[in-house]
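Only one structure is covered here, and it is reproduced in the block below.
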Amino acid sequence: MRQPETLATGRSDAGYPLVELSHVDKHYDKLHVLKDINLTVNKGEVLVVVGPSGSGKSTMCRTINRLETIDSGVIRVDGKPLPQEGKELANLRAEVGMVFQSFNLFANKTILENVTLAPIKVRHMDKKEAEDLAMDLLDRVGVASQAGKMPSQLSGGQQQRVAIARALAMRPKVMLFDEPTSALDPEMVNEVLDVMVELAHEGMTMICVTHEMGFARKAADRIVFMADGRILESGTPDEFFDHPKTDRAKDFLSKILTH
Ligand SMILES: Nc1ncnc2c1ncn2[C@@H]1O[C@H](COP(=O)(O)OP(=O)(O)OP(=O)(O)O)[C@@H](O)[C@H]1O
Ligand SMILES: [Mg+2]
C-alpha cells in the first residue's frame with residue numbers, strides 16, 4: 001500500500017456533528033426494531049456498533065443512507081435531514097459510503113469499471129479522471145494489479161477491499177461498514193481491517209458494525225452497544241470493555257470474549 005497520500009481528509013475540521021439520529025423509531029409490522037435511537041457521530045469520529053444478533057444494528061445503518069425508512073424521529077447528515085426520494089436522495093447516498101458483509105460488486109464488470117461507474121454516472125466525472133481516481137484508490141487498498149480482472153477472479157478479501165475503494169471513489173463524508181469481514185475466510189480478515197484502520201487514522205468518519213473486538217479496541221473512538229432495538233451503552237473502548245454498566249453488555253461481552 002502506498003503511504004504518502006491519504007485515503008480521507010485530515011482531522012483539521014473535526015468535531016462537528018456529521019450524522020445525527022434523534023428519537024428514531026422503526027417497526028417492521030409489529031416488531032419494534034429501533035426504539036428512540038439518539039446518536040451523534042462527529043466528523044472524524046470512528047464509531048463501532050456492537051450487540052447481539054437481531055438488536056437492530058444493520059437496520060440502524062441502513063436508515064442512515066435511507067435504504068430503510070423510519071417511522072418517526074429525524075436523521076441528519078451534515079446538518080440536512082434525509083431527503084425522501086429523487087435526485088436529492090441519490091446525492092445523499094453519494095455522501096454516505098456503505099460496505100456490506102457480502103461483497104456486492106457488479107459481477108459482469110471489471111474491477112476498474114466497478115470503481116469508475118458511480119463517479120461517471122452520479123458525479124459526471126469524465127472517464128479518464130474517474131479511471132485515474134479509481135487506480136489511485138485501488139492502489140491504496142492494495143489491489144491495483146487486479147484492475148482488469150472480473151470480481152469472481154479475486155479473493156473475498158480483495159473483493160471487499162475493492163468494495164471499499166468503490167465507496168471511497170464517491171468521496172463520501174461518512175463510511176458505513178456492516179460486518180464487512182464476517183463473510184471472509186479468517187486469513188483475509190486482517191487485510192480488510194488494516195484498510196479500515198488506515199482510513200480511521202486518516203480522519204474518515206466511520207460507523208462500523210463489527211464483531212472484531214480487536215479492531216473495536218484499536219480503532220474506535222466510541223463504542224455503542226445495542227440490544228433489543230435500543231442503545232444501552234455508549235462509551236470509549238476502555239469504558240465499554242473494562243467497565244460495562246448494564247447486565248446485557250456484561251452478558252454479551254462474557255459470551256464473545258470467551259471464544
Ligand atoms: N426486512 C425486514 N423485515 C422484517 N423484519 C426484519 C427485516 N430486517 C430485519 N428484520 C428484523 O429486525 C430485527 C433487527 O434486525 P437487524 O438485521 O437490524 O439486526 P442486527 O443487529 O443487524 O443482527 P445481526 O447481528 O444478526 O446482523 C430482527 O429481529 C430482524 O429479524
Ligand atoms: Mg446485521
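Annotation for Asn114 and Pro151: closest pair ND2-CG, 3.8 Å, computed over non-hydrogen atoms. Scanning all heavy atoms of the two residues, the minimum distance from Met196 to Pro180 falls at SD-CG, 3.7 Å. The minimum heavy-atom distance between Ala219 and Val197, with the atom names listed, is CB-CG2, 4.4 Å. For the pair Leu232 and Ala227, the tightest heavy-atom approach, listed with the atom from each and the gap, is CD1-CB, 3.8 Å. Closest heavy-atom contact between Ala216 and Pro237: O-CG, 3.9 Å. Taking every heavy atom of both residues into account, Ala165 and Leu137 meet most closely at O-CD1, 3.6 Å.
Annotation for Lys245: atom NZ counts as buried by contact number, over 12 foreign heavy atoms lying within 6.0 Å.
Met98 and Leu39 fall within a single hydrophobic cluster, where Ile, Leu, Val, Met, Phe, Trp and Tyr side chains are chained together by heavy-atom contacts under 4.5 Å. Residues Leu184 and Val99 share a single hydrophobic cluster, defined by chaining ILVMFWY side chains whose heavy atoms lie under 4.5 Å apart. There is a path of hydrophobic side-chain contacts, each under 4.5 Å, that joins Phe241 to Phe225. Under the 4.5 Å side-chain heavy-atom criterion for Ile, Leu, Val, Met, Phe, Trp and Tyr, Leu89 and Leu21 are members of the same hydrophobic cluster. When hydrophobic clusters are built by joining Ile, Leu, Val, Met, Phe, Trp and Tyr residues whose side-chain heavy atoms come closer than 4.5 Å, directly or via intermediates, Leu138 is not grouped with Leu117.
Panel note: side chain Gln159, backbone Leu154; a donor-acceptor pair is recorded below 3.5 Å. Remark: side-chain polar atoms of Arg93 are paired, donor with acceptor, to backbone N or O of Arg66 under 3.5 angstrom. Checked by atom type and distance alone, the side chain of Asp185 never pairs as donor or acceptor with a backbone atom of Met188 at under 3.5 Å. In this structure a side-chain-to-backbone donor-acceptor pair under 3.5 Å is missing from Asp139 to Met135. With hydrogens and angles ignored, the 3.5 Å screen pairs a side-chain donor or acceptor of Glu239 with a backbone N or O of Thr236. In this structure, Glu202 contributes its side chain and Leu199 its backbone to no donor-acceptor pair below 3.5 Å.
Between His32 and His27, the ring-plane angle classifies as parallel under the 30° and 60° cut-offs.
Interatomic distance, NZ of Lys43 versus CE of Met204, reported as 8.0 Å (0.5 Å rounding). Note that CD of Glu113 and CG of Asn108 are 8.5 Å apart. Values are rounded to the nearest 0.5 Å. The distance from atom CD1 of Ile256 to atom NE2 of His211, rounded to the nearest 0.5 Å, is 8.5 Å. To the nearest 0.5 Å, the span separating OG1 on Thr40 from CZ on Arg76 amounts to 9.5 Å. Here CD1 of Ile70 is found 12.5 Å from CE of Met60. Values are rounded to the nearest 0.5 Å. Expressed to the nearest 0.5 Å, how far CG of Leu18 lies from CD of Glu45 amounts to 10.0 Å.
Residues Thr116 and Met125 are not in side-chain contact: their nearest non-hydrogen atoms beyond the backbone lie 4.5 Å or more apart. Val96 is listed as a side-chain neighbour of Leu176, based on a closest heavy-atom distance under 4.5 Å. With contacts defined as side-chain heavy-atom distances shorter than 4.5 Å, the pair Gln158/Ile111 does not qualify. Counting heavy atoms from C-beta outward, Leu82 and Leu92 have side chains that approach closer than 4.5 Å. With contacts defined as side-chain heavy-atom distances shorter than 4.5 Å, the pair Val174/Glu95 does not qualify. Looking at Asp25 and Ser72, their side chains come closer than 4.5 Å, going by heavy atoms from C-beta outward. The shortest side-chain heavy-atom distance between Thr63 and Ile75 falls under the 4.5 Å cut-off.
In this structure, Arg217 pairs ionically with Asp242, as a charged nitrogen and a carboxylate oxygen lie closer than 4.0 Å. A salt bridge links Lys173 with Asp78: the distance from a Lys NZ or Arg NE/NH1/NH2 to an Asp or Glu carboxylate oxygen falls below 4.0 Å.
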Fill in: side chain to side chain contact (heavy atoms under 4.5 Å, CB included) between Met226 and Leu34, intermediate numbers included
CA-CA 10 Å; Met226 287 183 78; Leu34 296 178; 3.9 Å; yes

Worksheet entry | CA sep, side-chain torsions, deciding dist, call: Phe240, Val224, side chain to side chain contact (heavy atoms under 4.5 Å, CB included) | CA-CA 8 Å; Phe240 177 70; Val224 156; over 6 Å; no

Item to complete: Check the pair Glu191 / Ser155 against side chain to side chain contact (heavy atoms under 4.5 Å, CB included), numbers first and verdict last.
Response: CA-CA 11 Å; Glu191 65 190 45; Ser155 73; 4.2 Å; yes

Item to complete: Decide yes or no on side chain to side chain contact (heavy atoms under 4.5 Å, CB included) for Met175 and Ile207, but give the supporting numbers first.
Response: CA-CA 6 Å; Met175 286 283 287; Ile207 300 175; over 6 Å; no

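The side chain to side chain contact (heavy atoms under 4.5 Å, CB included) check on Glu212 picks up Thr181, Val189, Leu193, Thr210, Phe215, with sequence neighbours excluded. Applying the salt bridge (Lys or Arg N to Asp or Glu O under 4.0 Å) rule to Asp132 yields the partners Lys128; only residues at least two apart in sequence or on another chain are considered.
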Please table the atom pairs, donor to acceptor, closer than 3.5 Å between any side-chain atom in residues 46-58 and protein atoms at least two apart or in another chain.
from	atom 1	to	atom 2	distance (Å)
Ser55	OG	Pro52	O	2.7
Lys57	NZ	Gly51	O	3.0
Lys57	NZ	Pro52	O	3.0
Ser58	OG	Asp178	OD1	3.3
Ser58	OG	Asp178	OD2	2.6

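A cation-pi arrangement is not found for Lys250 relative to Phe252, the charged atom failing to lie both closer than 6.0 Å to the ring centre and inside a 45° cone about the ring normal. Under a cutoff of 6.0 Å and an axis angle of 45°, Arg166 and Phe106 form a cation-pi pair.
Judged by distance alone, the side chains of Glu233 and Thr246 do bring a donor and an acceptor atom under 3.5 Å apart. Under the 3.5 Å distance criterion, with hydrogens and angles disregarded, a donor-acceptor pair is assigned to the side chains of Arg222 and Ser234.
For the pairing with Val24, the side chain to side chain contact (heavy atoms under 4.5 Å, CB included) check across Ile37, Asn38, Ile64 returns one residue only, Ile37.
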